[in-house]
Amino acid sequence: MINIVQHSINIQEVIASVSDAGAGGIDVFIGTTRDNAKGKRVLWLEYEAYEPMALKTMQQIVDEANGQWKLKKVSAVHRIGRVDIGEASVVIAVSSAHRKEAFEACRFLIDRLKQIVPIWKKEFFEDGSVWVDSRINNLKE
């Protein structure tokens with residue numbers, strides 16, 4: 001399952017989509033909206049995407065993961081629009097025969113998603129808002 005949605009992500013549905021009788025492990029990453037950034041109180045986030053390119057690029061990174069690890073199934077769902085504090089903005093689930101591959105592939109997928117998928121984040125504070133380039137932040141981490 002690769003999808004971009006404008007509503008709450010059904011996390012259980014994403015996890016269920018990677019269920020496989022041959023899987024010994026399922027790893028899940030849930031990116032949520034935190035209430036602070038750079039010492040300021042965040043009120044909410046807003047995501048925008050060029051959806052056709054974003055979906056194509058999400059498929060590309062899933063293909064890259066499948067090329068590096070022996071995975072059973074992979075799902076990646078990203079939300080666009082307003083995302084309130086505590087809500088999920090992205091969910092990635094990976095199943096594999098062994099946990100090591102699931103952990104490594106899941107980490108790779110979220111890092112790669114932030115690097116190349118054309119989805120943009122805007123943080124809203126009490127005194128204004130700012131677009132955040134996750135590609136730049138990702139390079140600093």
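This is a predicted model, so every value here is computed, not measured.
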Salt bridge Glu46-Lys122, side-chain N to carboxylate O under 4.0 Å:
no
Side chain of Ser89, backbone of Arg79: donor and acceptor closer than 3.5 Å?
no
Are Glu64 and Gln68 linked by a side-chain donor-acceptor pair shorter than 3.5 Å?
no
Name every donor-acceptor pair, under 3.5 Å, that has one atom in a side chain of residues 25-34 and the other anywhere in the protein, sequence neighbours excluded.
unit_1	atom_1	unit_2	atom_2	d
Arg34	NE	Asn36	O	2.8

Test ring-ring contact (aromatic ring centres under 6.0 Å, His included) applied to Phe124 - qualifying residues, sequence neighbours left out:
Trp44
Are a donor atom and an acceptor atom from the side chains of Gln59 and Asp63 found within less than 3.5 Å of each other?
yes
Whether Lys70 side chain and Ser96 backbone form a donor-acceptor pair below 3.5 Å:
no
side-chain contact (heavy atoms from CB on, under 4.5 Å) test vs Leu71 passes for just one of Val94, Val62, Asp20, namely Val94
Does some side-chain heavy atom of Ile116 sit less than 4.5 Å from a side-chain heavy atom of Gln60?
yes
Which donor-acceptor pairs under 3.5 Å do the side chains of residues 9-17 make with protein atoms, sequence neighbours left out?
unit_1	atom_1	unit_2	atom_2	d
Asn10	OD1	Gln12	N	3.3
Asn10	OD1	Glu13	N	2.9
Ser17	OG	Val14	O	2.5
Ser17	OG	Ser75	OG	2.5

Mark yes or no for whether His78, through its side chain, and Val5, through its backbone, hold a donor-acceptor pair below 3.5 Å.
no
What I want to find out is whether Lys121 reaches Glu48 closely enough, with some N-O distance under 4.0 Å, to be called a salt bridge.
no
Heavy-atom closest contact (Trp120 atom, Tyr50 atom, distance)
CZ3-N, 3.5 Å
